[in-house]
Amino acid sequence: MTTGTPPILEIRGLRKKFHDVEILRGIDLLVLPQELVFVIGPSGAGKSTLLRCCNRLEEPSAGSVQVGGVDITARSTDINAMRRQIGMVFQSFNLYPHMTALRNVTLALVKVLRKPRAEAERLGMAALDRVGLANKARSYPGELSGGQQQRVAIARALALEPKVMLFDEPTSALDPELVGSVLNVMRELKRGGMTMLVVSHEMRFARDAADRVIFMDHGLIVEEGPPQRIFSTPSEARTRAFIAELGR
Amino acid sequence: MAMEAWSRFLDTFFNLDVIERYFPAIMKGVVVTIEIAAAVVVTGTLLGLVLAIVRTFRLIPMNALIVVFVDMFRALPPLVLVLLVYFGLPNIGINLPSFAVLWLVLALVLAAFAEEIFWAGILSIPKGQWEAARSTGLGFLGTLAYVVLPQAIRLTVPPLTNRTIAITKNTALGTVIGVGEILNQATTAQSFSGNATPLMMGAIAYMILFIPVVVFGRLLETRFAWRRV
């Protein structure tokens, strides 16, 4: 990592309380351009909440989140304008079931970026092509497999040309044989220089694609480092226990 | 003996002379019923939709008002409301024609039920749909308009159709305040002719009016169904 490159995503002292329970207890994290950062940890560690604070689907209780140098938690920030620069992919795909794959991808192009329909469709087809689904443009989500739906969801985020993409357990809802197709798309994105923050348990993928792995527990970052080190020789006992548990 | 009973039956319910004499009156009633029903359906469902949309903003005092209105109009028998408005309003100096009273009351009753149905539809759309749309930069209203409502309205078609039919049939209540709709024409004709045939004509008119609506509702149900994940 070169110092001096301004980070795409800069999280400082992030805290999130739900009622009296503190889910995030002070997170500091930098994600540099073109970096793929993997977040692992037991359920309830706050991984999803961390991701959801990065585009304010959850309102942080304290701390700041900067995307491309803009503090998205500031009152004066137009959050809708920021969100289009922060792609998000959900565990449950969340495609719009009443729209074709192409319409799923073009909706925000037309309604948020105000692109003319013809241009939106061209960009939408290009995004679908990147995830290998140009031939499914006219299909409805209900007609697609889980893996295809997730790739359409990736295209939907990708079409807006985000600065960073957040993946919230993108393969957890998929049948094992469909996981590979989604990971391949993510690998392609990485190759294309996309900055990504990924919550996932796909360790093999993390090993060969991630630049850095973050281990979280109880709302804190316990340790971080390159995947080889975190998976092979973690320094914290909690990390070791978690990784041993995963390997079983 | 059987022949005699049969001819008495025909004479009572299907008397040709009576049919001929009162056919124009019943037809006039049909027109009035259609007019009121159409006005009630359009204004009632639209008002219900507007109230459900207002409710999504979750402004607590506003939502409390909506809930009070909805519960009141769902709880009260429409006949009570019709009589209350028709005989009550003139006392405070408002004189509405009986047609307007019937339209107003039924539209408000339909709006109350429609609001609950639309609201339930909006609530049944998974949170992930809102989040996905918002994460692409779409605002609250855009998400509501392009993502949530199109799905919610599809879900509401079957219950809304049933409720709409049930409430438009209440146009028959207009007879007690002198709205010249089908039942009013039929009972008037029945008392003039001393024969039940006009009532049977009224019943048939209702069937001719509402059976297509029921069938149309069923068509909508199948047309609006889409393959769910």
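Taken to the nearest 0.5 Å, the CG atom of A:N80 stands 5.5 Å off from the CZ atom of B:R134. Here the straight-line distance linking atom NE2 of A:H98 with atom CD1 of B:I153 works out to 10.0 Å at 0.5 Å rounding. To the nearest 0.5 Å, atoms CG (A:L57) and OG (B:S135) are separated by 6.5 Å.
Here B:F113 pairs with B:R74, B:V109, B:R163, B:I167 under the side-chain contact (heavy atoms from CB on, under 4.5 Å) rule; sequence neighbours left out.
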For a quick test of your reading: what N or O donor-acceptor pairs under 3.5 Å do the side chains of residues 36-44 of chain B make, sequence neighbours left out?
unit_1: B:T43; atom_1: OG1; unit_2: B:A39; atom_2: O; d: 2.5
unit_1: B:T43; atom_1: OG1; unit_2: B:W103; atom_2: NE1; d: 3.2

Cut-off 3.5 Å, no hydrogens considered: what does the side-chain donor-acceptor table look like for residues 193-200 of chain A, sequence neighbours left out?
unit_1: A:T195; atom_1: OG1; unit_2: A:Q34; atom_2: N; d: 2.8
unit_1: A:S200; atom_1: OG; unit_2: A:E202; atom_2: N; d: 2.9

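In the displayed structure, B:F140 atom CZ is contacted under 6.0 Å by more than 12 heavy atoms of other residues, nucleotides or ligands. Summarising the local packing, CZ of A:F18 is surrounded by more than 12 heavy atoms from other residues, nucleotides or ligands at distances under 6.0 Å. By the 6.0 Å contact criterion, NZ on B:K28 is open, its count of non-hydrogen atoms from other residues, nucleotides or ligands being 12 or less.
Of the atoms belonging to A:M99, it is side-chain heavy atoms, and not backbone ones, that fall under 4.5 Å from chain B. Proximity to chain B (any heavy atom under 4.5 Å) is restricted, for A:L95, to the backbone atoms N, CA, C and O. Of the two parts of A:R56, neither the backbone nor the side chain holds a non-hydrogen atom closer than 4.5 Å to a non-hydrogen atom of chain B.
Residues of residues 155-179 of chain A lying within less than 4.5 angstrom of chain B, judged on heavy atoms, are A:R156, A:L160 in numerical order.
Between B:E131 and A:M88 there is no side-chain heavy-atom pair separated by less than 4.5 Å. Looking at A:P97 and B:Q129, their side chains come closer than 4.5 Å, going by heavy atoms from C-beta outward. No side-chain heavy atom of B:T136 sits less than 4.5 Å from a side-chain heavy atom of A:L107. Taking 4.5 Å as the limit, every side-chain heavy atom of A:Y96 sits out of range of all side-chain heavy atoms of B:P150.
A:N94 contributes no side-chain N or O that, together with a main-chain N or O of B:A132, makes up a donor-acceptor pair within less than 3.5 Å.
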